[in-house]
Amino acid sequence: MRRYAADISSLAEEFQQRFRDFAAIEKEITLFPSPFSVDPDDAPDHLQLELIELQCGAECRSRHQQLPLVNFYRQLDKGRFQEIRTFAKKMLSLFGSTYLCEKTFSVMNINKNRLRTRLSDSHLRDILRIKTTVFEPDLAYLLQSRSQYHPSH
């Protein structure tokens with residue numbers, strides 16, 4: 001049992017480190033799925049001019065709404081939006097697959113919009129962790145083991 005406790009503790013620390021990594025690039029993570037709703041002043045300096053140009057283009061806005069996120073960034077003009085395209089590639093590389101990337105942003109957006117006033121950063125991290133993991137907890141075992149160590153009063 002102690003071996004599992006150590007493994008679980010190690011996994012928990014690994015998760016915490018990953019979320020600290022994400023917190024460090026929170027503005028970039030917010031910019032990636034919704035470049036039209038971010039204030040250019042809040043974007044990294046090297047993206048600000050291209051972001052302003054992108055936000056001024058009605059055609060770009062329309063494509064963003066119609067295309068999957070990966071395809072939207074892929075179709076941007078290489079000459080005009082070189083920095084934004086490079087940024088998008090870096091963001092996509094943070095995830096194991098484009099499916100996981102889009103799933104993460106979708107879950108984040110759905111939960112932020114639906115629960116906006118009650119959702120803290122901690123809650124959002126927990127929701128993202130649950131929705132994007134393939135881990136299936138053995139709840140029956142966990143409840144049984146907990147009741148053995150903490151008998152009812």
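Since the model is a prediction, treat every value here as computed from it, not as a measurement.
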F72 vs H64 aromatic rings, parallel, tilted or perpendicular, using cut-offs 30° and 60°? perpendicular
Does any part of the side chain of [Y], heavy atoms only, come nearer than 4.5 Å to the side chain of [X], both counted from C-beta?
| X | Y | value |
| --- | --- | --- |
| P35 | I84 | no |
| L54 | L76 | yes |
| P44 | K27 | no |
| Y73 | P68 | no |

Rounded to the nearest 0.5 Å, what's the gap from [atom1] on [X] to [atom2] on [Y]? Could you check?
| X | Y | atom1 | atom2 | result |
| --- | --- | --- | --- | --- |
| L47 | E50 | CG | CD | 7.0 Å |
| M91 | L69 | CE | CG | 10.0 Å |
| D42 | T30 | CG | OG1 | 9.5 Å |
| L51 | L31 | CG | CG | 5.5 Å |
| Q55 | D39 | CD | CG | 8.0 Å |

Set out, in order, the CA-CA distance, both residues' side-chain angles and the distance that settles salt bridge (charged side-chain N to carboxylate O under 4.0 Å, His left out) for R80 and E53, then state yes or no. CA-CA 9 Å; R80 288 175 51 204; E53 186 176 349; 2.7 Å; yes
Does the side chain of S62 come under 3.5 Å of the side chain of Q66 through a donor N or O and an acceptor N or O? yes
Can F32 be reached from F36 by stepping across I, L, V, M, F, W or Y side chains whose heavy atoms are under 4.5 Å apart? yes
Are F87 and V70 connected, step by step, through hydrophobic side chains (Ile, Leu, Val, Met, Phe, Trp, Tyr) whose heavy atoms are closer than 4.5 Å? yes
Work out which heavy atom in R85 is nearest to a heavy atom in Q75; give both atom names and the distance.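 Shortest heavy-atom separation between R85 and Q75 comes out as NH1-N, 4.3 Å.
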